[in-house]
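Right, one structure below, let's go through it.
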Protein chains: 2
Amino acid sequence: MRQTAAYRADQPGDHLTLGTIERRDLRPDDVAVRVTHCGVCHTDLHTLRGTDPDAFPVVPGHEFVGVVTATGTDVGGFAVGDPVAVGNIVDSCGACAMCRAGQENYCAEFPTLTYGGRDRVDGTPTLGAYSAEHVVREDFVYRRPAHLDPAGVAPLMCAGVTVWEPLRRWEAGPGQRVGVVGIGGLGHLAVKLAAALGAEVTVFTTSADKVDDARRLGATHVVVSTDPDQMRRAAQSLDLVVDTVAVEHDLEPYLAVLDLDGTLCSVGHLGPVSVETMALLVGRKSLSSSGSGGRPRTQELLDFCGEHGITADVEVVPSADVDRALERLARNDVRYRFVLDLSDLPD
Amino acid sequence: MRQTAAYRADQPGDHLTLGTIERRDLRPDDVAVRVTHCGVCHTDLHTLRGTDPDAFPVVPGHEFVGVVTATGTDVGGFAVGDPVAVGNIVDSCGACAMCRAGQENYCAEFPTLTYGGRDRVDGTPTLGAYSAEHVVREDFVYRRPAHLDPAGVAPLMCAGVTVWEPLRRWEAGPGQRVGVVGIGGLGHLAVKLAAALGAEVTVFTTSADKVDDARRLGATHVVVSTDPDQMRRAAQSLDLVVDTVAVEHDLEPYLAVLDLDGTLCSVGHLGPVSVETMALLVGRKSLSSSGSGGRPRTQELLDFCGEHGITADVEVVPSADVDRALERLARNDVRYRFVLDLSDLPD
């Protein structure tokens with residue numbers, strides 16, 4: 001087994017502490033990655049604040065970048081020194097209809113998560129990338145455009161692909177009017193990506209102080225969603241709304257801003273949703289949801305961002321500041337994603 | 001004003017009685033239609049059993065066929081003797097985005113319903129087609145294929161177009177797998193139309209005794225939805241489900257039978273709907289609804305049915321039996337639509 005430095009919590013309520021964990025020796029199809037940067041996702045916070053002792057120990061981190069340091073004997077796509085990125089899935093069955101369709105995120109056997117999952121081969125719990133090294137199956141390692149700031153690439157791997165998939169599924173592009181609800185880790189990337197795809201972007205935010213920022217990110221229109229007049233003026237004006245709000249909220253105002261045959265895709269919140277049928281019927285609107293991304297669109301996103309020079313707006317912090325970053329994230333005090341600099345850990 | 005025989009109810013709880021009502025004198029863009037057949041829709045039942053006295057008097061009937069008997073001075077598309085059909089909308093603003101898109105059913109000023117609405121010109125209440133004559137704006141009168149049984153055409157105008165719109169919106173056709181939930185007035189037409197469009201059709205029914213009928217209508221697969229094994233085997237097998245069930249019911253079993261990017265379109269029931277986000281997220285499924293139809297697709301449906309020889313399966317009853325038909329409809333004792341023969345009324 002390989003040893004690597006990592007931030008871990010051993011039971012519910014624990015702070016993260018730096019220690020040593022084991023990574024598996026490379027299988028023929030494995031790639032070892034020296035992690036340099038890892039985004040701090042809301043999921044990390046939820047997991048650490050969870051109350052199930054069986055879910056621990058936890059090493060969070062599922063949107064990371066780094067450099068290949070070793071490859072298994074059968075690895076053909078990567079070589080030592082390659083810049084790479086990994087997201088929140090590190091394996092899947094590969095055989096079900098969803099995997100065959102390139103939607104490993106919906107694998108019938110449930111995809112193996114980058115942390116908090118179980119390795120499909122040896123059954124050991126997976127540990128995340130708040131760490132100096134990760135070992136990942138080649139199929140779930142992605143080529144990273146070397147000219148992009150690596151810290152800004154890390155959040156593309158979870159926040160980015162989560163909004164990229166609905167933008168691509170509903171064909172955001174020239175002539176399309178796309179709304180983005182909430183300007184946080186997911187939302188700010190949705191705005192950048194939708195604008196780069198050529199769509200006309202409208203941002204909905206409760207924070208009047210984010211209006212200028214929304215425009216800078218690429219929005220043509222900004223609607224302060226707490227202002228009924230602004231919401232009324234936005235009625236029936238959009239083809240797709242990507243709703244990134246992480247807490248339960250009324251969806252009907254965002255159905256009302258859809259035009260004929262429009263879709264509201266919720267990517268930020270899990271739980272029950274309830275709407276009046278009439279809110280869907282008039283204008284034949286659709287309510288949908290989407291989570292994470294499959295392999296083809298993950299690589300496609302990285303290639304697209306490479307071409308268009310897109311990265312996340314990040315606040316990079318030394319890895320030792322991880323607890324403070326998590327505390328600030330819990331208060332939404334970040335524009336727009338914390339990224340841990342893990343290059344400061346010993347190899 | 002013109003006088004015509006009609007079945008009307010003057011207040012909540014009244015039975016329908018045959019009497020005389022007035023129709024307006026023809027405006028330049030009006031067409032007078034001698035009604036020969038009118039379908040008996042669930043809406044008729046709900047309206048008659050309503051408790052709001054202000055909604056009365058009621059003459060029901062909003063899916064009918066007949067022959068043109070007179071035309072206004074500006075009417076160019078119809079002549080006396082033409083076989084025609086009319087649905088549940090007889091006017092709309094014509095100027096809003098929905099009307100301009102050919103979706104008068106979603107008119108921003110609300111479309112003028114064939115009964116229970118208010119005429120846009122003179123403000124009088126509209127009275128339906130359980131009647132010997134109706135007067136309708138030319139734009140909402142449709143060419144009816146003369147070789148089709150007129151009684152079987154009448155239900156196409158409400159039940160038919162209500163399922164035709166989602167089938168066309170979601171592109172039912174060769175290679176598409178379409179589910180139809182419920183085999184009643186709407187459902188049996190959805191099966192015929194989806195099959196004629198070339199889709200592979202799966203019927204979901206609670207009635208094991210409708211299995212043979214579903215196959216006769218064009219279904220390739222029939223799932224008895226009360227059988228958990230059959231439902232499990234149908235998991236993730238469809239691209240579109242048109243749900244025609246008229247009462248509140250759990251939608252998640254019908255989301256579970258959708259494959260990646262599939263849509264569940266509810267056309268039978270109004271009211272609040274509630275689902276778990278996860279039921280949408282896994283497979284990126286959509287929940288939608290649709291109501292009635294716009295002008296272009298209404299004529300398209302009639303033309304399609306003319307080409308393919310499609311009519312509703314109807315039980316034609318003398319108009320004097322209307323109350324008995326409504327009572328049987330309330331018990332779902334009809335395969336699959338009652339149609340009143342109104343040719344028996346005096347001109």
Side-chain angles (χ1 to χ4, degrees), chain A residues 96-108 110-111 162 165-166 168-171 235-237 240 243 246 248 251-252 255 258-294 297, chain B residues 96-108 110-111 162 165-166 168-171 235-237 240 243 246 248 251-252 255 258-294 297:
Chain A
C96 73
M98 292 293 181
C99 286
R100 289 199 311 274
Q103 296 283 175
E104 296 80 3
N105 46 329
Y106 305 133
C107 173
F110 204 77
T162 297
E165 286 245 352
R168 296 285 289 134
R169 156 70 178 93
W170 283 284
E171 299 172 359
Q236 211 177 300
S237 68
L240 169 68
D243 182 343
E248 192 175 349
L251 297 179
E252 293 198 8
L255 290 172
L258 290 174
D259 202 352
L260 180 66
D261 290 326
T263 296
L264 169 60
C265 183
S266 168
V267 296
H269 178 249
L270 290 181
V273 291
S274 183
V275 296
E276 281 293 325
T277 305
M278 282 302 282
L280 297 170
L281 184 151
V282 178
R284 200 168 45 214
K285 299 165 182 178
S286 293
L287 175 63
S288 189
S289 181
S290 175
S292 177
R297 283 204 174 126
Chain B
C96 73
M98 291 293 181
C99 287
R100 290 199 311 275
Q103 296 283 175
E104 296 81 3
N105 47 329
Y106 305 133
C107 171
F110 203 77
T162 298
E165 286 245 352
R168 297 285 289 135
R169 155 71 178 92
W170 283 283
E171 300 173 358
Q236 211 176 301
S237 67
L240 169 67
D243 183 342
E248 192 174 349
L251 297 180
E252 293 197 7
L255 291 171
L258 290 173
D259 202 353
L260 180 67
D261 289 327
T263 296
L264 170 59
C265 183
S266 168
V267 296
H269 179 247
L270 291 180
V273 291
S274 183
V275 295
E276 281 293 325
T277 306
M278 282 301 282
L280 296 171
L281 184 150
V282 178
R284 200 168 46 215
K285 299 166 183 179
S286 293
L287 175 63
S288 189
S289 181
S290 175
S292 178
R297 283 206 174 126

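Labels below follow one simple rule: chain letters A, B, ... track the order of the sequence lines, proteins then strands, and each chain is numbered from 1. Everything quoted here is computed from the prediction, not taken from an experiment.
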Main-chain N/O of Pro111(B) paired with Glu104(B) side-chain donor or acceptor, under 3.5 Å: no

Arg169(B) side chain reached by Asp261(A) side chain, heavy atoms, under 4.5 Å: yes

For chain B, the option from Ser266(A), Pro272(A), Pro166(A) that forms the most heavy-atom pairs under 4.5 Å: Pro272(A)

Atom pair OG1 (Thr263(B)) and CG (Leu287(B)), whose distance is rounded to the nearest 0.5 Å: 9.0 Å

Heavy-atom donor-acceptor pair, Ser292(A) side chain to Thr162(A) backbone, under 3.5 Å: no

Between CG on residue Leu255(B) and CG on residue Asp243(B), distance to nearest 0.5 Å: 9.5 Å

Contact leader toward chain B among Gly291(A), Ala279(A), Ser290(A), where contacts are heavy-atom pairs under 4.5 Å: Ser290(A)

Options Val275(A), Asp259(A), Val282(A), Asn105(A), ranked by heavy-atom pairs under 4.5 Å with chain B, top entry: Val275(A)

Partner chain B: residue of His269(A), Met278(A), Glu165(A), Met98(A) with the largest heavy-atom pair count (under 4.5 Å): Met98(A)

Proximal component of Gln103(B), with respect to chain A [non-hydrogen, under 4.5 Å]: side chain

